[in-house]
Protein chains: 2
Amino acid sequence: MVSPTNHARAAPAAADSAREAAPAFSPLYRQIEALLTRSLQGGEWRPGEMIPSEVELAGRFKVSQGTVRKAIDALADEHLLVRRQGKGTFVATHAEQRVQFRFLRLTPDDGEEGAMARRVVDCRRLRAPADVARALSLKAGDAVVQVRRVLSFRGRPVVLDDIWLPGNAFKGLTAERLAQYKGPMYGLFESEFGVRMIRAEEKLRAVTADAEASALLALPLGAPLLSVERLSFTYGDRPVELRRGLYDTTAHYYRNELS
Amino acid sequence: MVSPTNHARAAPAAADSAREAAPAFSPLYRQIEALLTRSLQGGEWRPGEMIPSEVELAGRFKVSQGTVRKAIDALADEHLLVRRQGKGTFVATHAEQRVQFRFLRLTPDDGEEGAMARRVVDCRRLRAPADVARALSLKAGDAVVQVRRVLSFRGRPVVLDDIWLPGNAFKGLTAERLAQYKGPMYGLFESEFGVRMIRAEEKLRAVTADAEASALLALPLGAPLLSVERLSFTYGDRPVELRRGLYDTTAHYYRNELS
DNA sequence: GAGTGGTCTAGACCACTGA
DNA sequence: CAGTGGTCTAGACCACTCG
């Protein structure tokens, strides 16, 4: 095995072309991590599938098992992979009940679980408004899909979401497809459009309900609402979803963990 | 050093005495982690101080450096320790500028940094109301310190906080002490009262300003406010602070990271 | 240069899963 | 049982900080 520092490694068809200006120092396990990420991104292993065992990968990359392990650890921390002792390491997927509530942080005051019912109010293609285009790194006027939907808990509307997606990557997304699909929306994005949400940033504010919101959420005009603007990213930190949500927090709260 | 599982290890003076009823299995590095946590909690090393080097700890605990390393890694992930290559490993402290914004997640829309100015409105000792007592695991009627304060940004009030602390641990906390102290409040708690905040849980909602809030934040009655209820924990997951904040989010937002 | 954390290896063995 | 991830060791060497 070659040295880890700035130089070419013995990866399969490693292109030692990459002539970077010696950024700082990149340990071997980071390079392995990058290789694994590329394989994930390229779809070599699909969500839910098992990736090769640590020893096999160690052989393939010509490094020790411990180094592969450290790379996988990092990816597992980012929720890109899931380790299961005795079974193997798997590509993470949004199609699991377990992960449902990783992104929706709204909890009913009484702690009951009960999933939310979805209703798609609207789904159309249009040209991206300036602010949406900027957020999604599109050119102003590029096509986007806009989805408007309402989430209800025990028959009561609680969340009004407006969602914008790049029209390019989400051709063929219709209200029907959305309505038919069981399970979390990000599961659909993943299986039908090959877009996997990795992480997201949210900006929260308190606002008051306008006419539209008060109608759709069955609240008086001017009622306080929690505004949640979410920008979601895929591999390579590319933004692929902008979401503006209005949450009725009279019987729910947004939970957060500071650490 | 005792054995990791329920069995004998190859460590030098391994005591194969430990006859536990096989709880689950606790690896060696977890035990080391627990020992280190105890030392931190017991004040063997104070905030900001350097702890012994990895090799020294390895010697002390009669394990390999790698095992100590893994334990320290875990504590560093929890922000209890801070590693500094070439220098050593240090006990984390709130008295650093770096960490200021780990707990206050309010950001001005224009991204400017500028610290917030504090004004202590009130600081009194009283008997804990039922809900406060419950949150802090106190008996109803136990003494608590209540602090009310306002944070301002560029001369404009933005945050109104009500803070409750166990009276027992915070004897001698007065408005003067609070006003005099430079730096983050949690730095004061740490250096003056030996209480270190480790993590916190927050519950967010949208509410409207009542008379008090509108007066103190210079807002019209009924203005939408972000309500943030925070419960903070020290070592051993003991709750030691309840905080109810009202944030004016007209020019600021609460940022959050989903991952 | 001495001392610290950070990387990497090779190998042994343990814990867990499922056929 | 074989195969997977999980733990632990001992030792070598690298990167960083500071006197």
Checklist line | Matching residue for A/Glu202 among A/Arg243, A/Arg230, A/Arg105 - test: side-chain hydrogen bond (donor to acceptor under 3.5 Å, both in side chains) | finding: A/Arg230

Note to self: Can you measure A/Ile51 atom CD1 to D/dG3 atom C1' for me and round it to whole angstrom units?
What the structure shows: 15 Å

Checklist line | Presence of A/Arg69 side-chain N/O under 4.0 Å of D/dG6 phosphate oxygens OP1/OP2 | finding: yes

Notebook entry, point to check: According to a strict under-4.0 Å criterion, is B/Ser64 in side-chain N/O contact with OP1 or OP2 of D/dA10?
Noted result: no

Next item on the list: Report yes if a side-chain nitrogen or oxygen of B/Ser53 is closer than 4.0 Å to either non-bridging phosphate oxygen (OP1 or OP2) of C/dG3; otherwise report no.
Entry: no

Item checked: Candidates C/dC8, D/dT9, D/dG6 - which lies nearest the side chain of A/Glu54 -> D/dG6

Checklist line | Any B/Lys70 side-chain N or O less than 4.0 Å from OP1/OP2 of D/dC8 | finding: no

Item checked: Between C1' of C/dC8 and CD of A/Gln31, the distance in whole Å -> 13 Å

Note to self: I want to check a possible cation-pi pair here: B/Arg196 against B/Phe189, using under 6.0 Å from ring centre and within 45° of the ring axis as the test.
What the structure shows: no

Checklist line | Candidate nucleotides C/dA15, C/dC8, C/dG6, ranked by approach to the side chain of A/Leu28 - the nearest | finding: C/dC8

Check: Taking atom C1' of C/dA15 as reference, at what distance in whole Å does atom CZ of A/Arg84 sit?
Finding: 17 Å

Next item on the list: Provide, to the nearest angstrom, the distance between the CD atom belonging to A/Gln65 and the P atom belonging to D/dT7.
Entry: 12 Å

Next item on the list: Between A/Gly66 and A/Gly86, just flag the one whose closest nucleotide in DNA chain C comes earlier from the 5' side.
Entry: A/Gly66

Checklist line | Spacing of A/Ile72 atom CD1 relative to D/dG6 atom P, expressed in whole Å | finding: 9 Å

Next item on the list: Measure from the side-chain heavy atoms of B/Lys87 and tell me the nearest of D/dT17, D/dC8, D/dG5.
Entry: D/dT17

Next item on the list: Look at the side-chain N and O atoms of B/Tyr29 and state whether any lies under 4.0 Å from the OP1 or OP2 oxygen of D/dT7.
Entry: yes

Margin query: Just the rounded figure in Å: distance from P of D/dA2 to CD of A/Glu56.
Written below: 19 Å

Next item on the list: Please check if atom CG in A/Asp77 has more than 12 non-hydrogen atoms from other residues, nucleotides or ligands closer than 6.0 Å.
Entry: yes

Notebook entry, point to check: About how many Å separate CZ of B/Arg83 and OG1 of B/Thr89, when rounded to the nearest 0.5 Å?
Noted result: 4.5 Å

Next item on the list: May I have the step-by-step check of salt bridge (charged side-chain N to carboxylate O under 4.0 Å, His left out) for A/Glu257 and B/Arg199, ending in yes or no?
Entry: CA-CA 8 Å; A/Glu257 185 80 17; B/Arg199 65 175 200 90; 2.6 Å; yes

Notebook entry, point to check: If you take all heavy atoms of A/Ala71 and A/Tyr29, which pair is closest and at what distance?
Noted result: CB-O, 3.5 Å

Next item on the list: Would you kindly give the CD-to-P distance between A/Gln85 and C/dC16, to the nearest whole Å?
Entry: 6 Å

Notebook entry, point to check: Of all the nucleotides listed (C/dA15, C/dT7, C/dG5), which has the minimum atom distance to the side chain of A/Phe25?
Noted result: C/dT7

Checklist line | Spacing of B/Phe90 atom CZ relative to C/dT4 atom P, expressed in whole Å | finding: 11 Å

Item checked: Options C/dT4, D/dT4, D/dT7, nucleotide nearest the side-chain atoms of A/Met50 -> D/dT4

Check: Does B/Arg83 place a side-chain N or O at less than 4.0 Å from the phosphate oxygens OP1/OP2 of C/dG6?
Finding: yes

Note to self: If the cut-off is 4.0 Å, is A/Thr67 near the phosphate of C/dT9, judged by side-chain N/O to OP1 or OP2?
What the structure shows: yes

